[in-house]
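Everything below concerns the one structure shown next.
Quantities reported herein were computed from a predicted structural model and do not represent experimental measurements.
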Amino acid sequence: MSTTALLLTLIFVLIPIALSKTLGLQLERDTIIATVRSTIQLLLVGFVLKFVFDSESFVFIFLMVSLMIGAAVQNARKKGQQIKGITWKLIVTFVLLEVLTQGILLGFKIVPATAQYIISITGMVVGNSMVLAILFLNRFVSEVEAHRSESELILSLGGTPKQAIHKQLIRSIQASMIPTIESQKTMGLVQLPGMMSGQIIAGADPLEAVQFQILVIFLLLTTAAMTSVCLGLLSYPTLFNERMQMVQKEHSE
């Protein structure tokens, strides 16, 4: 893509700005900030990735993966401030997911152990996991508060914390997983996924692009399940004290 062609894509930024101005949405400033930030961030990442890919150093790969996980944790933790220790819970969840997925991919030699594959796949896995974590935490916190009296009744009748929170936990896990499952039902019919489209535009054989995309959608299924389940199992015990009573709202550090 030429520089001129890239500049012409700003048309797709001007359209929402014009609509926002016309309809009084007051989103012009946020749209401009988002555009500038995303452009600068992507350009910086592009230079960093070129350096990492050329070096093929596992030290730089590790640092890049750590940066991705750190950024994901920082963003997702905002939705779980009421859950004690949410930061380390997110770290454990993302690291466990990264170790599991990369362990399978590299252990069975499904993909080469190179920076190009490790970092690209990590970005998709951790990025998707971050979104799922936000969906789960948002729903879980809402469910807990909406059904607090029901949970306390179960506890007063001799129920365990797990029994008291079971329905809310299951509903939250389901709610966070449904978007991934539903989107995959129409994959290839309603939408052509980003990775597949990118490879085709770059000139790759469509069937080869499909094979890699199948790998990605299978990965995202595991991401959806593991993120919600791990985060749920780590989070619910902190909602209760040692006397098996529900604690009041707390904010994590």
Worksheet item: So Met124 and Thr223, side-chain contact (heavy atoms from CB on, under 4.5 Å) or not? Walk me through it.
Response: CA-CA 10 Å; Met124 287 183 281; Thr223 300; over 6 Å; no

Practice prompt. Go through the steps to decide whether Thr101 and Ile121 satisfy the test side-chain contact (heavy atoms from CB on, under 4.5 Å), and finish with yes or no.
Written response: CA-CA 9 Å; Thr101 54; Ile121 292 174; 5.7 Å; no

Item to complete: For the pair Phe140 and Ile83, evaluate side-chain contact (heavy atoms from CB on, under 4.5 Å) and give the outcome as yes or no after the intermediate values.
Response: CA-CA 10 Å; Phe140 188 51; Ile83 299 173; 4.1 Å; yes

Worksheet entry | Verdict with supporting geometry, Gln81 and Ile86, side-chain contact (heavy atoms from CB on, under 4.5 Å) | CA-CA 7 Å; Gln81 295 279 323; Ile86 188 59; 5.6 Å; no

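Put simply, OG1 on Thr180 and CD1 on Ile217 are 11.5 Å apart, with the number rounded to the nearest 0.5 Å. Taken to the nearest 0.5 Å, the CG atom of Leu49 stands 11.0 Å off from the CG atom of Leu44. Taken from OG in Ser57 to CE in Met64, the straight-line distance is 13.5 Å, to the nearest 0.5 Å. Atom CG of Asn241 sits about 4.5 Å away from atom CD of Gln245, to the nearest 0.5 Å. Thr122 OG1 to Leu97 CG: the interatomic distance, rounded to the nearest 0.5 Å, is 9.5 Å.
Within the structure, the salt bridge (charged side-chain N to carboxylate O under 4.0 Å, His left out) test picks out no pair touching residues 26-46 (sequence neighbours left out). For residues 128-142, the set of pairs meeting the salt bridge (charged side-chain N to carboxylate O under 4.0 Å, His left out) definition, not counting sequence neighbours, comprises Arg139-Glu143.
Contact of the Asn75 side chain with the Ile134 side chain is registered, since non-hydrogen atoms from C-beta on lie closer than 4.5 Å. In this structure, the side chains of Arg148 and Met246 come closer than 4.5 Å at one or more pairs of heavy atoms. Between Met68 and Ile119 the shortest side-chain heavy-atom distance falls below 4.5 Å. For the pair Leu6 and Thr9, the minimum side-chain heavy-atom distance is below 4.5 Å. Contact check for Leu7 versus Thr3: side-chain heavy atoms found under the 4.5 Å cut-off. Side chains of Val65 and Gln102 form no contact here, defined as non-hydrogen atoms less than 4.5 Å apart. Taking 4.5 Å as the limit, every side-chain heavy atom of Leu106 sits out of range of all side-chain heavy atoms of Tyr117. A 4.5 Å side-chain heavy-atom check between Leu67 and Val48 finds every atom pair outside the cut-off.
In the hydrophobic clustering of this structure, Leu100 groups with Ile118; members are Ile, Leu, Val, Met, Phe, Trp, Tyr whose side-chain heavy atoms approach within less than 4.5 Å, directly or through other members.
The minimum heavy-atom distance between Ile110 and Ile104, with the atom names listed, is CD1-O, 4.0 Å. Between Leu135 and Pro179, the shortest heavy-atom contact is CD1-CG, 4.3 Å. Between Ser176 and Leu132, the shortest heavy-atom contact is O-CD2, 2.9 Å. In terms of heavy atoms, Thr227 sits closest to Ala133 at CG2-N, 3.8 Å. Of all non-hydrogen atoms in Phe136 and Ser172, the two that sit nearest each other are CE1-CB, 3.6 Å. Contact between Ser151 and Gln168 at its shortest, heavy atoms only, is OG-NE2, 2.7 Å.
Counted within 6.0 Å of NE2 on His147, heavy atoms from surrounding residues, nucleotides or ligands total more than 12; the atom is thus considered enclosed. No more than 12 heavy atoms of other residues, nucleotides or ligands lie within 6.0 Å of CD in Gln26, so this atom counts as exposed by the packing criterion.
Although no hydrogens or angles enter the test, the distance criterion places a donor-acceptor pair under 3.5 Å between the side chain of Ser38 and the main chain of Thr35. When atom types are taken as modelled, the side chain of Thr31 and the backbone of Ile17 share no donor-acceptor pair closer than 3.5 angstrom. Ser129 places no side-chain N or O within donor-acceptor distance of the main-chain N or O of Val125, the cut-off being under 3.5 Å.
Evaluation of the ring pair (Phe, Tyr, Trp, His ring centres under 6.0 Å) rule for Phe51 yields Phe60 as partners, not counting sequence neighbours.
Note on ring orientation: taking the six-membered ring where Trp is involved, the planes of Tyr236 and Phe240 are perpendicular (angle over 60°, cut-offs 30° and 60°).
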